[in-house]
2 protein chains.
Amino acid sequence: MKKIRIPENLTSMAYRAIKDYILDGRLDENTRLTEEFLSQRLGISKSPVREALTRLESERLIQIEPRRGAYLRKFSIKEIGDLYDLREALEVYAVGKTQLSPALLAGLRESVERSRTHLEANDKRRYIEEDVNFHASLTAASGNELLTEILRNLQHQVWLFRRKTYDLSRSKATDTHAAIVRALEEGDKSRAQRLMREHIGEVRDKLIHYLEEQGER
Amino acid sequence: MKKIRIPENLTSMAYRAIKDYILDGRLDENTRLTEEFLSQRLGISKSPVREALTRLESERLIQIEPRRGAYLRKFSIKEIGDLYDLREALEVYAVGKTQLSPALLAGLRESVERSRTHLEANDKRRYIEEDVNFHASLTAASGNELLTEILRNLQHQVWLFRRKTYDLSRSKATDTHAAIVRALEEGDKSRAQRLMREHIGEVRDKLIHYLEEQGER
DNA sequence: TAGGAGGCACTACCATGCAACTATTCATCG
DNA sequence: CGATGAATAGTTGCATGGTAGTGCCTCCTA
């Protein structure tokens with residue numbers, strides 16, 4: 001019998017823990033993520049923490065200023081715009097490549113249903129998770145794992161600055177998701193692509209508008 | 001006067017050195033990149049080397065097998081196909097977003113000229129660099145820095161397995177580049193996009209075909 | 001009061017050492 | 001002779017400690 005692998009080391013454990021910690025959204029964006037604090041919190045030494053931080057930096061979730069430490073990444077409005085533009089291009093592309101299957105469609109329908117439920121229950125947390133899940137499922141159906149990974153990372157970046165802007169266009173989003181599923185059910189990928197493009201573009205525009213207003217105050 | 005920053009630490013130095021080392025192409029793909037070898041070669045300790053390696057792994061240039069060490073990343077044919085599909089989608093998108101300017105067009109024309117020169121001189125090294133440079137310039141003209149960074153990384157991944165396949169469709173590529181520039185000069189972005197799509201698709205197909213033949217032997 | 005110099009506390013960065021694990025070699029047995 | 005197991009060499013993964021860079025605070029001076 002093959003030996004059981006424990007493909008887990010403290011670095012990857014720390015990576016996930018810190019990532020969860022910063023994506024949770026309760027963190028002020030100016031707090032410094034010191035090695036000592038993180039290592040004590042996780043009960044490990046600084047070495048794996050440092051490695052986890054370098055990985056998080058290369059994923060653009062934190063920024064490390066030499067000799068000064070690690071902070072949550074700050075995004076300019078232009079960077080946020082670029083990010084959404086890219087998401088739009090990639091998700092539209094993914095929809096075009098979708099390998100349709102009954103299982104996929106069923107999964108998407110269920111996702112939309114769950115979104116509706118959480119929306120009615122006003123359960124923000126689960127609603128957002130389901131929204132992310134919808135996009136992730138659709139992307140994964142393209143069969144391109146590299147694309148899926150990149151989009152997951154872009155989504156995580158989005159999380160960093162969307163913490164306080166949940167309320168923008170919620171119910172509309174679910175309806176659009178449902179419309180996308182309908183288009184796919186009818187095998188009309190180009191309509192699904194158009195809907196996806198409009199969907200992300202709309203979220204983008206509302207978010208940018210909101211941020212610009214905030215910035216002026 | 002502001003204090004002069006030295007935004008450099010051994011980790012980033014090691015990162016660049018190791019990256020250059022593995023992208024250089026002289027490395028056998030089964031050699032193990034041991035921490036001790038790298039740290040001795042660079043004259044530093046293992047700590048910054050380890051951090052550089054974790055960063056390179058998250059950029060998909062190497063793969064670290066737990067408790068076993070770091071190797072050059074190996075790509076399956078499917079992964080290579082996915083990579084090119086993504087490059088195609090992103091570069092076509094970038095061309096669509098290009099902010100045309102006389103300076104850009106002049107730069108691209110010069111790049112094509114240099115490519116022709118290196119091709120005639122049979123200078124592979126410079127020719128490839130110029131090819132990469134052409135695509136990078138065009139991408140950068142989209143104004144989307146995130147996109148530019150992602151494409152640069154994809155390009156680096158391509159370098160890892162294109163070391164021995166330089167000869168496939170070289171002169172053709174330069175002609176296509178020239179055609180793309182002409183389309184942009186005429187302000188016909190959609191033609192430029194179509195050419196770019198065909199260009200990358202063609203390179204992709206030839207490469208995959210070549211690799212499949214190799215695999216059968 | 002504003003500006004600068006000096007000191008102090010903090011902590012990132014890196015070096016080093018050790019323990020745990022992997023792979024390999026060699027010996028032993030069926 | 002092939003297979004199994006133990007010993008061994010080699011390396012990763014992690015902890016720990018020292019050094020030096022950074023920012024803040026205080027005190028001094030103009």
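Model, not experiment: these values are computed from the prediction. Just so it is clear: chains get the letters A, B, ... in the order the sequence lines come, proteins before strands, and each one is counted from 1.
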Can you measure [X] atom [atom1] to [N] atom [atom2] for me and round it to whole angstrom units?
| X | N | atom1 | atom2 | result |
| --- | --- | --- | --- | --- |
| B:R67 | C:dC21 | CZ | C1' | 5 Å |
| B:E36 | C:dG17 | CD | P | 13 Å |
| A:F37 | C:dA12 | CZ | P | 12 Å |
| B:E8 | C:dA12 | CD | C1' | 15 Å |
| A:E35 | D:dG17 | CD | P | 16 Å |
| A:Y71 | C:dT11 | OH | P | 10 Å |
| B:L38 | D:dT11 | CG | P | 12 Å |

Please list all pairs passing the salt bridge (Lys or Arg N to Asp or Glu O under 4.0 Å) test where one or both residues lie in residues 100-110 of chain A, with sequence neighbours left out.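 Sorted pair list: A:R109-A:E185.
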Sort and list the pairs that fulfil salt bridge (Lys or Arg N to Asp or Glu O under 4.0 Å) and have at least one residue in residues 30-42 of chain A, not counting sequence neighbours.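 Non-adjacent pairs meeting salt bridge (Lys or Arg N to Asp or Glu O under 4.0 Å): A:E35-A:R50.
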Mind checking what makes side chain to side chain donor-acceptor pair (under 3.5 Å) contact with A:K97, not counting sequence neighbours?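 Once residues adjacent in sequence are excluded, A:K97 has no partner under the side chain to side chain donor-acceptor pair (under 3.5 Å) criterion.
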Check the surroundings of atom CZ in B:R126: do more than 12 heavy atoms from other residues, nucleotides or ligands lie under 6.0 Å from it?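 Atom CZ in B:R126 is not packed in, count stays at 12 or less.
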Within 6.0 angstrom of B:E145 CD, more than 12 heavy atoms from elsewhere: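 No, because the 6.0 Å sphere around CD of B:E145 holds 12 heavy atoms or fewer from other groups.
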Check whether the side chains of [X] and [Y] place a donor and an acceptor atom closer than 3.5 Å, and report yes or no.
| X | Y | value |
| --- | --- | --- |
| A:S115 | A:T174 | no |
| A:N153 | A:Q157 | yes |
| B:E51 | B:T11 | yes |

What residues from residues 50-58 of chain B pass a heavy-atom cutoff of under 4.0 Å to DNA chain C?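 When residues 50-58 of chain B is checked for heavy atoms under 4.0 Å from DNA chain C, there are no hits whatsoever.
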What are the residues of residues 40-47 of chain B, sorted by number, that bring a heavy atom to within less than 4.0 Å of DNA chain C?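 Result for residues 40-47 of chain B: B:I44, B:S45, B:K46, B:S47, sorted by number.
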Just grab all the ring pair (Phe, Tyr, Trp, His ring centres under 6.0 Å) pairs involving residues 56-94 of chain B, residues at least two apart or on different chains.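 Residue pairs with at least one partner in residues 56-94 of chain B: B:F75-B:F161.
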A:R68, nearest nucleotide to its side chain (from C:dC13, C:dA23, D:dT22):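 Among the listed nucleotides, the one closest to the side chain of A:R68 is D:dT22.
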